[in-house]
Structure formats: structure tokens, C-alpha cells
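Throughout, protein chains are lettered first and strands after them, A, B, ... in sequence-line order, and every chain is numbered starting at 1.
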There are 2 protein chains.
Amino acid sequence: MNIRPRTRATSFDVAALAGVSQSAVSRAFTPGSSLAEEKRLRIIEAARKLNYVPNSIARSLTTQRSNIVAVILGNTANPFYLQVLEAFMHRLQAEGRQVLTFTVENGGESDEAILRVLRYQVDGVILTSAQLSTRMVSLCHDRGIPVVLFNRYIPGSDASGVRCANAEGGRQIATAFLAAGARSFAMIKGDPKGTTSQDRARGFVDRLMEAGIGRDAISELEGHSVYDGAHEAVVREFRDGRTKIPDAIFGINDIMAMGAMDALRQRFSLKVPDDVMIGGFDDIAEARRFPYRLTTVRQPIGQMVDETLAILHLDEPHRPIEPGRDVVVPGRLIWRRSIPAPRGDGETKGA
Amino acid sequence: MNIRPRTRATSFDVAALAGVSQSAVSRAFTPGSSLAEEKRLRIIEAARKLNYVPNSIARSLTTQRSNIVAVILGNTANPFYLQVLEAFMHRLQAEGRQVLTFTVENGGESDEAILRVLRYQVDGVILTSAQLSTRMVSLCHDRGIPVVLFNRYIPGSDASGVRCANAEGGRQIATAFLAAGARSFAMIKGDPKGTTSQDRARGFVDRLMEAGIGRDAISELEGHSVYDGAHEAVVREFRDGRTKIPDAIFGINDIMAMGAMDALRQRFSLKVPDDVMIGGFDDIAEARRFPYRLTTVRQPIGQMVDETLAILHLDEPHRPIEPGRDVVVPGRLIWRRSIPAPRGDGETKGA
DNA sequence: TTGAAAGCGCTAACAT
DNA sequence: ATGTTAGCGCTTTCAA
């Protein structure tokens, strides 16, 4: 407590104090390396005395592995992605890896972010809800850094992606609406450049049209993937009273469904689901709460995270990067209160 | 596109291609270093051809600066801290720094997290809502790494902290309740080890007692700083009908106020503010929305982030670390609907 | 302005 | 099992 070293102890300092060679110190901190137990203990003790902490930066320089994974977030306004970030942090931390976090504008280009994380020799890059040029993908792949898109895919790209069965999910919501008797619809779409929004909308519309619903009975609003965007879109669309409020509204993601729901109640004093039914997608924690109790398609975050990490194969750095895999996992419809349940089966577990 | 280098180009490769020395390449990527403009251009061009990206890991090894700041999150279930993380990411990214993110159990020990980020030679550590042993603080300070606690302080500790005027905020909520005519109260407290919760509660109680309210008219619930915790605490407390529901409930933070509000409405069919009034703290985005419209004390996140970064003084690595500063910034009461406004001034801007 | 050379703290052959 | 040594890719004196 008295002396302030002012400078960090190195493995040499520890070696000197413990009376061993520097490489012994290195070995003492490398699980699985051969070192006499007695010696290891002596080294650990010396290290403790000197407040020695191994320098991972130096380590990375020689091993060519940083143990750092970059997570680039494209839409922090959507709690879903924060939940995803949390899941990645937990998993990666448990494996002894570090997470370097980045945000880019909602749905914006992540090229600059990639360039920056590349400098830090990250072992892998995870991208959520952000655009990515193919040039950046090959830049990463050329240096042996796998890139995986979470909840996105770029057709024909070298980058792999993990996503939910979006079109199928859209269909599920459509089916639920139909079962509840809806005949006119609106959907609030998100980022027009993102495949996620497109796919969900496509599945939704396809299913409706299969049921004989006309295209003109399905209107489209732009909510820009955020709460306020959906809120404003709804107010704007129905404010003048000339546009009839549809029987059912599909928010392409929960946060927009919530924005729409609040707008409907606040500005038009409508009841959900009595006056309008609403469906969402994601199953974020917020949407499960009392004021919303949103019927939605749950994205299995845990499973998607697992798949993402599997593609990254951080443990086997030398395994070649598999190009352009597109892993899709099924979502699950969670019945809550925002769509009347067909045969009164009410709220499913998970509410 | 044809050749896959399989190995990253180094400054030597670039130097060779550009016909200059390796140090020239280094200078070309170091703003402010003296290098003929013509040469710099040639180097940049060669670098582009080789897809060269400077290796920050190697750079850090010599400069002893990593340009990485660690953010350790102690309660990711509270959106407030995610908002804080976002703010830090924005600010730090804009300055060209990287953010290494960590989560620890809600209110848990962050010692292990510190040890891990220390290995990466981070330039500074920001801690939100987590406990920290004084030993870790000196470990960091001894190596010249400043630590600052966000929204927390440890009396007598060497670690600096930035926080809101918590006690004063608690007083403001109490004053608002009193003005609205409340005479019986409950407060939902968070992490009992955290000073934040304690301070807010203290200010709240002090103010009430000054107004002649008896200590027995103020009950205390434990909400563990999370939505569900507050929800359950409220249900548990009032379920049997023997405990009278108070006039006003203070959620020590917004997310708990929301949980309480939902419990009151869902389980006891109570109206807010007609039957119970509710006050919060933080002013998170969720609490501003239609179903909640919570009257709360806004924490000026931007200002707090500024103060935090000022203490970190990342630009002047050699300036000594100022020990144990405790910066407190004032919060502001935001009137919304969960407490009846005294003279009908209703919703303040920011609703 | 430019290049040569000495490290930064560590790992990993290699030799013992 | 342990020590010696040669780098990892960069920055930074120091000379020229």
C-alpha cells in the first residue's frame, strides 16, 4: 500500500522475484503448459506481490489472436438489439473473450466501424442491423476474420448470416389476424434496405393474399424501425379521418408495434384488440408488459447467438471461413392479448 | 479480388511497395508527423493496394496507450444503463477510441471484470452500478489507469464518481407528492448496497418528515432495481388486502416505478394518478410513453458523461489521477401524468 | 525530412 | 521441465 510502482510489473519482474526465467512466468499463466507445480505456485505468489497482470496486448502480438470479438450495432433504439448485445456479452465473457462494441447510425454503413475494429485484430465481427459493403467482407475474410450478420443477410455475399424465419413469421401473424376475423390490414415497415423488414412484410402479404385478401386492403406505413417512427406514421396516416383504420396492424418489430399501439390509444382512443388488433415481431421484454401484452413472433435469441458463435468458430482459428452461409432458425408465435385468441386459449406461457 | 493474401500486410510490405522506409509508413499514418506530402500520398496509395490496416495492438505495445476504454455494466436490465452505455459509445467513438464492454451480475462485484480489462491495458475504466473493492481501485491507479464510478460513489474511496443529486431528487418527488395532497407513502428501493438508492430514499424520507409525515406513514419495499422485482414487491405487499395502498409510491428508479404502476393496474385495477400517484427517477425513454407518462427526476446523462470523461482525461495520460473526486450534477423534475400537477400546469416539455 | 535500430511485453520454437 | 532466443508490428529516439 505504501509504494506506488508507477509502472506495471512485467513478466521479467515476476521472474526475477520468483527466481525463475521469464518464460516460466509465461507458462505459469498459460493453462496446460508444462511447469512444476511448486514453481507455478511460487510464480503466482510473486505475481500477486507485484500486482502483475499479464499483458494481453503483447500476447496478442505474438499469438495473432486478440480474444476480442467486435459487435457492431446498427439500431440501438430497438431494445431487441440491446438484448442481443447482452446475450453476446454473456456468452463471450464466459468463454474468456472480450467484446469491443460499436454503434453505427440506424441501418447505416458499417464500413468505417469495420476498418476500426480491424486495427485491433479482432478474432471475429458480429453485425446487427447494419449495412455492409462486400468489399469490407472480403477485407475481413482475407485476413482470416470471420464476419457474421445477425438478423440479416446479403444475398450473394460472402458474409454468413443468422436470422429468424422472417417470412414464415410474417405468415404466422397474418394467420392469427385472419383467424381473429380481420379483413383490412396495415403493416408498419422498418428499414427499407434491410432484408429483415422486407421478408416479414412479404410473408405477411403473401399469406393474406392466399386467403383472398386484396392488395388494396393492405396498406403500408414506414416506421423506420423505431418507436417514434411508428407512432408518428400512425398518427399521420389516420389523423385526417379520411383513411379508415384497419382491423389489424402488423408492426414489423415489437418496438414499432408498441409505438403504433400507443398512438392508436392516445390519439384515437382506440382499444386493442377490440377496435384494432396488433401483431409484432421479436418478443422483447417491454412488449410483454401489462400495457402491451403483444401477440408476437419470438426470435430465439439464445439459439441465434449459438449459431452465430458456431459460424465464428473462435476456437479453431485455422479452420477456413465458410463463405456465405445463411442460417435460419424458426420463430414461435406467442399469443398474448393484442390479437383475440381464436378459441379462447388466451395467454400462452411466456407472457 | 483474385489473390487472397491469407496474411495481413504490414508496414514493411507497404514500405517496400512504396519504395520508402518502414518508419515513413508509420509516419504516414500518424497525424502531425513530418513527412513530405508527395511521399505520404504514395504510401497511402500503396497501403490501399495492399489492404493495409495499421495494427493498433502493436502500436499500443510501444505507445503504452491502447485507446480502449472499458465500460463495466452492473445492471443491464435497467434501460437507463443501456442508455448510458450508448452515450459513452457515441462520445468515445467520436474521439476515435474503442469501447470494451463488460457486464457483471446486477450490483455484483466487478473485481474480476477489472482484472480482465486490465490485461488489455485499457486507458480508463467506467463503472456503472457495480461494486468495486478498494484494492482494485489502487490496482488501477497504480498503473495509471483512472477509474470512475458512474451514478455511484464509495465514500472514502480513491475512485472518483459522477452522480446525480440523488437526495435532492428524492426530495423533489416528495415535494411533488405533498403538493398533490398525498399523506401516506411507499417507496420501492433498489440495490441496498448502492448509495444511489439509499440517497434517493433518504432525501425522500427527510422531506416528508419535514412536512410532518410520520415515519410509519412511509413503507419500504425492495424492488432490486428491476421491473419484475418492483412488480412482485407491490403484488406481495398488497395482495392480502390488509395493507392499505398508500396515496403515493416512489420508485427509486423509473423501471421500478413502471413495474409498480403495471402491478397496481393489472392486479388491483387501480388508476394512476387517481387512486395512487407514482414518481420515478432517471427519465428513461420507456417511462415517457403513453401508458406510463411518469413524473420523474431526469438525470442529465449527457452532462454526466461529459464529467466522467473529463475526470478520465484521456487526452493527457500523464496528468496524475485525481483521487476520490465526487462530482454531483443536479437532476430536474419532469412533470407528466403520474402525479397530479399542482396548478394544472400538466405536462412539461419533454413528455 | 528521412532511415536505421532499439525496444514495447509477450509466446513459441528450440535446445538442454 | 526449464531456459535461451528470435520474433510479433509498430513507435520513437537518434543520426544523417
**Message:** At less than 4.0 Å, is any side-chain N or O atom of A:T10 found next to OP1 or OP2 of C:dG9? Yes or no.
**Reply:** no
**Asked** Do A:R116 and A:F102 meet the cation-pi criteria used here (NZ or CZ under 6.0 Å from the six-membered ring centre, within 45° of the axis)?
**Response** no
**Closest to the A:Y52 side chain, choosing from D:dT4, C:dC10, C:dT2** = C:dC10
**Request:** Would you indicate, yes or no, if C:dC10 has its OP1 or OP2 atom less than 4.0 angstrom from a side-chain nitrogen or oxygen of B:Y120?
**Result:** no
**Message:** Without decimals, in angstroms, what is the distance between B:R65 CZ and C:dG9 C1'?
**Reply:** 18 Å
**Asked** Under 4.0 Å between a side-chain N or O of A:K39 and OP1 or OP2 of D:dA1?
**Response** no
**Request:** Pick base, sugar-phosphate or nothing for A:S11, based on heavy-atom distances below 4.0 Å to the nucleic acid.
**Result:** sugar-phosphate
**Asked** Side chains of A:Y81 and A:N151: do they bring a donor and an acceptor to under 3.5 Å?
**Response** yes
**Prompt:** Rounded to whole angstrom units, what separation is found between the CG atom of B:L50 and the P atom of D:dG9?
**Reply:** 14 Å
**Request:** Using a 4.5 Å cut-off on heavy atoms from C-beta on, say whether the side chain of B:F29 contacts that of B:I44.
**Result:** yes
**Prompt:** Between B:R8 and B:D13, is there a side-chain N and carboxylate O pair less than 4.0 Å apart?
**Reply:** no
**Item:** A:T62 vs D:dC8: side-chain N/O to OP1/OP2 distance below 4.0 Å
**Value:** no
**Request:** Indicate, with a heavy-atom threshold strictly under 4.0 Å, whether A:T63 touches base, sugar-phosphate, or nothing.
**Result:** sugar-phosphate
**Prompt:** Just checking A:F29: base, sugar-phosphate only, or nothing, at a heavy-atom cut-off of under 4.0 Å?
**Reply:** nothing
**Message:** Without decimals, in angstroms, what is the distance between B:N67 CG and D:dT11 C1'?
**Reply:** 14 Å
**Closest listed nucleotide, where the reference is the side chain of A:Q64 and the choices are D:dG3, C:dT11, D:dC8** = D:dC8
**Message:** Which nucleotide wins on minimum distance to the side chain of B:R59, given the candidates D:dT4, D:dC10, D:dT2?
**Reply:** D:dC10
**Request:** Find out whether B:P317 and B:R65 are in side-chain contact, i.e. whether some heavy atom of one side chain is under 4.5 Å from a heavy atom of the other.
**Result:** yes
**Prompt:** To the nearest angstrom, how far is A:L61 atom CG from D:dC10 atom P?
**Reply:** 9 Å
**Message:** Nearest heavy atom decides the nucleotide; on that basis, is A:L35 or A:F12 closer to the 5' end of DNA chain D?
**Reply:** A:L35
**Request:** Rounded off to whole Å, could you give me the CD1-to-P distance for the A:I43 and D:dA1 pair?
**Result:** 13 Å
**Asked** With a 3.5 Å cut-off and just heavy-atom distances, do the side chain of B:R119 and the base of C:dG9 make a donor-acceptor pair?
**Response** no
**Prompt:** What orientation do A:F150 and A:F88 show, parallel under 30°, tilted 30 to 60°, or perpendicular over 60°?
**Reply:** perpendicular
**Prompt:** What is the distance, rounded to the nearest whole Å, between atom CD of A:Q22 and atom P of D:dG3?
**Reply:** 11 Å
**Request:** Could you check how far CZ of B:R8 sits from P of D:dG9, rounded to whole Å?
**Result:** 9 Å
**Message:** Please pick, from D:dG3, C:dC10, D:dT2, the nucleotide with the shortest atom-to-atom distance to any side-chain atom of A:S34.
**Reply:** D:dT2
**Request:** Identify, between A:T30 and B:A24, the residue whose nearest nucleotide on DNA chain C lies closer to the 5' end.
**Result:** B:A24
**Asked** Which whole-number value in Å describes the distance from B:L118 CG to C:dC10 P?
**Response** 13 Å
